[in-house]
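Here is the structure we will look at.
Naming: A, B, ... by sequence-line order, numbering from 1 per chain.
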Amino acid sequence: MRQIDNALEKIMPELLNLESFRFRISEISTMTGVSTRQLRYWEQKGYIHPMTRTDQQKARMYDFHTFVAVRIMKVFLDEGYRLPSAAEKMTSFLADINVFRDFVKQAFRGIEIVDGQPAVDMGSFDKAGKQILYGINDNGHIRYIVKDKKKDQQ
DNA sequence: GTTCTGACA
DNA sequence: TGTCAGCA
């Protein structure tokens with residue numbers, strides 16, 4: 001069991017590092033429901049950009065960010081927006097996602113068991129820094145708990 | 001087998 | 001935007 005924990009510890013950062021993901025055009029197409037023809041056209045229009053590659057290969061490579069962008073565009077297109085509008089909405093949507101991601105990245109301190117349930121440690125929020133705010137997902141019902149910081153945490 | 005560009009519908 | 005040709 002201990003060995004498994006060590007292995008997980010080793011690979012978790014890698015699994016969470018979405019930015020290292022690389023996709024070929026057919027993969028992006030399958031994952032998003034957008035045809036390869038469309039992907040090349042959107043690129044020509046400047047809505048998406050394949051990664052600039054250092055080697056001599058011609059085949060396009062996409063990063064995770066582009067996958068998200070394409071997927072979002074697809075959603076807006078399915079809602080009836082035209083390409084230029086969908087691209088515009090995708091851009092601002094991406095900006096909102098970044099705000100959210102930065103917030104979570106900053107606020108998330110880990111998972112702890114509180115009241116017998118896994119709780120998200122969101123750090124201290126009082127000026128003195130003596131209390132910690134926990135968030136618990138109770139079958140879809142979110143509730144918050146404030147606990148005094150343990151001695152060894154200070 | 002896959003991707004690329006260009007072209008036609 | 002789909003599809004096909006002719007390459008690499």
Lys/Arg N to Asp/Glu carboxylate O, A:Asp115 vs A:Lys147, below 4.0 Å = yes
Side-chain contact test, heavy atoms from C-beta onward, threshold under 4.5 Å: evaluate it for A:Asn6 versus A:Lys10 and give yes or no.
-> no
May I ask you to test the A:Gln117-A:Arg143 pair for a side-chain heavy-atom distance under 4.5 Å?
-> yes
Atom [atom1] of [X] and atom [atom2] of [N]: how far apart are they, to the nearest Å?
X: A:Arg22; N: B:dT3; atom1: CZ; atom2: C1'; value: 19 Å
X: A:Ile25; N: B:dT2; atom1: CD1; atom2: C1'; value: 11 Å
X: A:Leu39; N: B:dT5; atom1: CG; atom2: C1'; value: 16 Å
X: A:Gln57; N: C:dA8; atom1: CD; atom2: C1'; value: 10 Å
X: A:Glu43; N: B:dT3; atom1: CD; atom2: P; value: 14 Å
X: A:Ile28; N: B:dT2; atom1: CD1; atom2: P; value: 17 Å
X: A:Gln56; N: C:dC7; atom1: CD; atom2: P; value: 23 Å
X: A:Met61; N: B:dC4; atom1: CE; atom2: C1'; value: 15 Å

C:dA8: pairing nucleotide in any strand, Watson-Crick or G-U under 3.5 angstrom = B:dT2
When all nucleic acid strands are considered with a 4.0 Å heavy-atom cut-off, which category describes A:Ser35: base, sugar-phosphate, or nothing?
-> sugar-phosphate
OP1 or OP2 of [N] versus the side-chain N and O atoms of [X]: is any pair under 4.0 Å?
X: A:Arg24; N: B:dT2; result: no
X: A:Ser26; N: B:dT3; result: yes
X: A:Arg40; N: B:dC4; result: yes

Is the number of heavy atoms from other residues, nucleotides or ligands within 6.0 Å of OH (A:Tyr144) greater than 12?
-> no
Tell me which nucleotide among B:dC4, B:dT3, C:dT3 gets nearest to the side chain of A:Arg37.
-> C:dT3
Of A:Thr91, A:Val34, A:Leu83, A:Val68, the residue whose pairing with A:Met73 passes side chain to side chain contact (heavy atoms under 4.5 Å, CB included) = A:Leu83
